[in-house]
Each structure stands twice: as C-alpha cells, then as structure tokens.
Participant: 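Mind looking over this structure? Questions follow.
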Amino acid sequence: QLQLVESGGGLVQPGGSLRLSCAAPAFTFDYYNIGWFRQAPGKEREGVSCISSSGSSTNYADSVKGRFTISRDNAKNTVYLQMSSLKPEDTAVYYCATGRRFTSVQAMCDQSLGIVMWGQGTQVTVSS
C-alpha cells in the first residue's frame, strides 16, 4: 500500500527540539518534492517547509526560518524536519506530502500546488 508515514511528534517544552520523519516504505520517493505542512486547531493548513526531489532547493515559512531545517536521505526514503527553539504557536498536526517534481518548492509550500499524496499526520504540542 502506497503511503507516507510520519513519526517523531510529541510533547515538548518551549525552547525544546523535535525531529520529525516522513518515510515511504512502499515506494521510492526520490522522484518527488516533499513538503511539511501543519494545521493548528481552528486554523487553515499552512506550508512549513518543502524540499526538492534532489534536495538542492528548500523553502521555509517565515515563521520557522532559522529554527527549522528540512533534509532528505533518498537512500533511506526518508525526509526529516528538525525543529528547534519551539514555541507554543508551533503546536499543530504536522503532515508530510509528496509533490510533483516540476512544481517549485515555493509553490508547493505557499499554495499546496502539485501535491500527490498526504501522510496521516503527527501531533506536535509545545507547552510547559
């Protein structure tokens, strides 16, 4: 079954760190751009960070620049989101998604263009 599997979410104190992983056990996703999106209660889903199929291009939402880092290991079929200096406003369900490689990572993140598949989401809660 083709699916994306997110992991690494949890409860963390403000200022703490978490690393999210997005894996594709059943297919090779180095053909695809990969993005992380989040949705907080009562808010619209927003793009957090996206990375191109080769890993050469990345995009970050202004709210996470300098705190989050996206990376991918195509040999392991896994994309990571390293989150540092977490704030309560980062609390949300985080989803990864595959995107068509000929869509820019900015368009994928800012407009959700070219999305092919969504993961099931992982909860991140930042609270003391």
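Note that the structure is predicted; figures quoted are calculated from it, not measured.
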Participant: Can you check whether Tyr60 reaches Thr69 side chain to side chain, under 4.5 Å on heavy atoms?
Facilitator: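 Yes. Closest side-chain heavy atoms under 4.5 Å.
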Participant: Taking the side chain from Arg101 and the backbone from Ser53, do they hold a donor-acceptor pair closer than 3.5 Å?
Facilitator: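 Side chain of Arg101 to backbone of Ser53, a donor-acceptor pair under 3.5 Å: no, none is there.
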Participant: For Arg67 versus Ser85, what's the shortest heavy-atom pair and its separation?
Facilitator: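 Of all heavy-atom pairs spanning Arg67 and Ser85, the closest is NH1-O, 3.0 Å.
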Participant: Does Glu6 use its side chain to pair, donor to acceptor, with the backbone of Cys96 at less than 3.5 Å?
Facilitator: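 Yes, because the side chain of Glu6 sits within donor-acceptor range (under 3.5 Å) of the backbone of Cys96.
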Participant: Begin from the C-alpha positions of Asn33 and Arg100 and carry the test side-chain contact (heavy atoms from CB on, under 4.5 Å) through to its verdict.
Facilitator: CA-CA 6 Å; Asn33 298 339; Arg100 295 183 176 88; over 6 Å; no
Participant: Can you name the nearest heavy-atom pair linking Gly119 to Tyr95, along with the distance?
Facilitator: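 Nearest heavy atoms, Gly119 then Tyr95: O-CD2, 3.6 Å.
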Participant: Can you name the closest pair of heavy atoms from Arg38 and Ser63 and give their distance?
Facilitator: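 Looks like NH2-OG, 3.4 Å.
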Participant: Going by heavy atoms in the side chains, are Pro14 and Lys87 under 4.5 Å from each other?
Facilitator: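 They are not in side-chain contact.
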Participant: Under 4.5 Å between any side-chain heavy atoms of Arg19 and Leu81, yes or no?
Facilitator: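 Not in contact.
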Participant: For residues Asp90 and Val126, report the shortest heavy-atom separation together with the two atoms involved.
Facilitator: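 Taking Asp90 first and Val126 second, the nearest heavy atoms are CB-CG2, 4.2 Å.
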Participant: State plainly whether one hydrophobic cluster holds both Val64 and Val93, where clusters connect Ile, Leu, Val, Met, Phe, Trp and Tyr through side-chain heavy atoms under 4.5 angstrom apart.
Facilitator: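 Val64 does not cluster with Val93.
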Participant: Would you kindly confirm whether Phe37 and Val105 end up in one hydrophobic cluster when ILVMFWY residues are joined by side chain heavy atoms under 4.5 Å apart?
Facilitator: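 No; tracing contacts between hydrophobic side chains, which count when under 4.5 Å, never links both residues.
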Participant: Determine whether Gln39 and Glu46 satisfy the following criterion, side-chain contact (heavy atoms from CB on, under 4.5 Å), listing intermediate values before the conclusion.
Facilitator: CA-CA 6 Å; Gln39 188 165 22; Glu46 63 171 342; over 6 Å; no
Participant: Would you say the side chain of Leu20 lies within less than 4.5 Å of the side chain of Met83, judging by non-hydrogen atoms?
Facilitator: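 Met83 reaches Leu20 side chain to side chain.
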Participant: Looking only at heavy atoms, what is the nearest atom pair of Leu86 and Leu18, with distance?
Facilitator: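 That would be CD1-N, 3.9 Å.
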Participant: Could you grab the distance from atom CG of Leu113 to atom OG of Ser104, nearest 0.5 Å is fine?
Facilitator: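 Output value for this atom pair is 7.5 Å.
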Participant: Please determine if Arg72 forms a cation-pi arrangement with Tyr80, meaning its NZ or CZ atom is less than 6.0 Å from the six-membered ring centre and no more than 45° off the ring axis.
Facilitator: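 No, Arg72 does not lie over the aromatic ring of Tyr80.
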Participant: Checking Ile70 against Trp36 for the side-chain contact (heavy atoms from CB on, under 4.5 Å) test, could you report, in this order, the C-alpha distance in whole Å, the side-chain angles of both residues, the deciding distance, and whether it holds?
Facilitator: CA-CA 9 Å; Ile70 192 170; Trp36 285 99; 3.7 Å; yes
Participant: Is a donor from one side chain sitting under 3.5 angstrom from an acceptor on the other, for Ser127 and Thr125?
Facilitator: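 Judged by distance alone, the side chains do not pair up.
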Participant: Begin with the C-alpha distance, continue with both residues' side-chain angles, and end with the deciding distance and a verdict on side-chain contact (heavy atoms from CB on, under 4.5 Å) for Met108 and Tyr32.
Facilitator: CA-CA 11 Å; Met108 180 180 179; Tyr32 298 99; over 6 Å; no
Participant: Without swapping roles, check the side chain of Ser49 against the backbone of Asn59 for a donor-acceptor pair under 3.5 Å.
Facilitator: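 Answer holds: yes.
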Participant: Is any side-chain heavy atom of Ile34 closer than 4.5 Å to a side-chain heavy atom of Thr98?
Facilitator: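 Ile34 vs Thr98: side chains touch.
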Participant: Taking the side chain as C-beta and beyond, is there a heavy-atom pair between Gln120 and Leu4 under 4.5 Å?
Facilitator: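 No, side chains not in contact.
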Participant: Measure from the side-chain N and O atoms of Gln13 to the backbone N and O of Ser128, and report whether any donor-acceptor pair falls under 3.5 Å.
Facilitator: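 Between the backbone of Ser128 and the side chain of Gln13 there is no qualifying donor-acceptor contact (under 3.5 Å).
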Participant: Who pairs with Lys65 by salt bridge (Lys or Arg N to Asp or Glu O under 4.0 Å), at least two apart in sequence or on another chain?
Facilitator: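 With sequence neighbours excluded, Lys65 shows a salt bridge (Lys or Arg N to Asp or Glu O under 4.0 Å) to Asp62, given in chain and number order.
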Participant: Sub-3.5 Å donor-acceptor pair from the side chain of Asn77 to the main-chain atoms of Ala24, do we have one?
Facilitator: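 It does hold such a pair.
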